[in-house]
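Below is one structure, written out as structure tokens; comments come after it.
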Amino acid sequence: MPCLGTPSGPDARRPAVPQQGVRLLEVGEAAVGACVPAYFHPAQAAEAWQRLVAVPPRMVVLDAGEEREPAYAPFVGRLLQAGTEVLARVDTDFGVRPAADVRAELRRVRAWYGVRGVFLDQVASGPERLEYYREIVDGIRGTIVLNPGVYPDPGYAALADVLVTFEGPLAAYRAIREPAWARTLARGRFCHLIHGVHERSWAGTLRKAARLAGAVHLSDGPGWAVLPAYYGRRIVAG
């Protein structure tokens, strides 16, 4: 399998992932795709999964758990057929979890559901853990998303197709500032996950996201346990 090597800065980055999937916002030439953390079980939330399949997003993050769940298989299969990048969520515990355990979990989830991409969660952000993440992503095929939830050391940009550079509540998102190194990269290299966003704030929040990221997810609740009510609607802001 090909190796990512050990690039050390944003200029030696992986290529951007093309934008695709549902467009939630249109501002002039800008469009923001959807990255949905689908942290709800199809046995309890079949209607939500049906809505995802009806309007396939750019990316879906699958929180598969410790055992194979047959209820996921038909939904994942239909999303893959529609061109959605289905990503296996694997927790890295901010660089503390053994890399071998992370890779073993990824192989297991891929075998269960046929997904190729990976969403490495709870990723460290400092330069001292870069080598740990290089070891994990080395040779991985498919889309690689790293989620430090903040703008990390720029070296992380060389390890991923997409960086989640914000995960948190709307109040914190209003204060976000883009570092200089991030401005040199395409918007499609970044994803923002924002919760606690009520309907009156959808357009304004997405307008800001369109300037900073190529994929976004807004939750109208406190996290990612349900699919938000707006999902599937096109939100247009001037």
Tell me, yes or no, whether the heavy-atom count around [X] atom [atom1], taken from other residues, nucleotides or ligands under 6.0 Å, exceeds 12.
X      : atom1 : answer
Arg108 : CZ    : yes
Arg183 : CZ    : yes
Gln44  : CD    : yes

Please list all pairs passing the ring pair (Phe, Tyr, Trp, His ring centres under 6.0 Å) test where one or both residues lie in residues 189-211, with sequence neighbours left out.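 Qualifying pairs, neighbours excluded: Tyr173-His192, His195-Trp224, Trp202-Tyr230.
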So ring pair (Phe, Tyr, Trp, His ring centres under 6.0 Å) across residues 70-104, not counting sequence neighbours, yields His41-Tyr72, Trp49-Tyr72, Trp49-Phe75, Tyr72-Tyr113
In this structure, which one of Val137, Val118, Val145, Ile144 forms a side-chain contact (heavy atoms from CB on, under 4.5 Å) with Asp161?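 That would be Ile144.
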Is there a donor-acceptor pair under 3.5 Å between the side chain of [X] and the backbone N or O of [Y]?
X      : Y      : value
Arg134 : Leu159 : no
Tyr151 : Ile176 : no
Thr205 : Ser201 : yes
Arg58  : Cys35  : no
Tyr133 : Ala124 : yes

Heavy-atom pair of closest approach, residues [X] and [Y]:
X      : Y      : result
Ala209 : Val32  : C-CG2, 4.3 Å
Trp181 : Pro152 : CZ2-O, 3.2 Å
Asn147 : Glu167 : ND2-OE1, 2.7 Å
Pro169 : Ile194 : C-CG2, 4.2 Å
Arg68  : Ala73  : NH2-CB, 4.3 Å
Leu227 : Ala48  : CD2-O, 3.5 Å

[X] vs [Y] side-chain heavy atoms within contact, under 4.5 Å:
X      : Y      : value
Thr84  : Arg78  : no
Thr165 : Pro148 : no
Val164 : His217 : no
Pro57  : Leu52  : yes
Phe119 : Leu62  : no

Just how far is it from atom [atom1] of [X] to atom [atom2] of [Y], taken to the nearest 0.5 Å?
X      : Y      : atom1 : atom2 : answer
Glu135 : Asp138 : CD    : CG    : 8.5 Å
Leu212 : Cys191 : CG    : SG    : 12.0 Å
Glu85  : Leu79  : CD    : CG    : 12.0 Å
Glu67  : Trp112 : CD    : CH2   : 7.0 Å
Gln122 : Asp93  : CD    : CG    : 6.0 Å
Leu120 : Arg97  : CG    : CZ    : 10.0 Å

Can Val150 be reached from Tyr156 by stepping across I, L, V, M, F, W or Y side chains whose heavy atoms are under 4.5 Å apart?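 Looking at the clustering, Val150 is in a separate group from Tyr156.
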Determine whether Leu170 and Val226 fall in the same hydrophobic cluster, where Ile, Leu, Val, Met, Phe, Trp and Tyr are linked whenever their side-chain heavy atoms lie under 4.5 Å apart. no
Looking at residues at least two apart in the chain, or sitting in another chain, which of them share a salt bridge (charged side-chain N to carboxylate O under 4.0 Å, His left out) with Arg116?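 Not a single residue meets the salt bridge (charged side-chain N to carboxylate O under 4.0 Å, His left out) criterion with Arg116.
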Please enumerate all residues that pass salt bridge (charged side-chain N to carboxylate O under 4.0 Å, His left out) together with Asp220, with sequence neighbours excluded. none
Residue pairs, two or more places apart or on separate chains, that pass salt bridge (charged side-chain N to carboxylate O under 4.0 Å, His left out) and touch residues 120-130: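 For residues 120-130: Arg89-Asp121.
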Could I get the full list of ring-ring contact (aromatic ring centres under 6.0 Å, His included) partners for Tyr132, not counting sequence neighbours?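 Residues passing ring-ring contact (aromatic ring centres under 6.0 Å, His included) with Tyr132: none at all.
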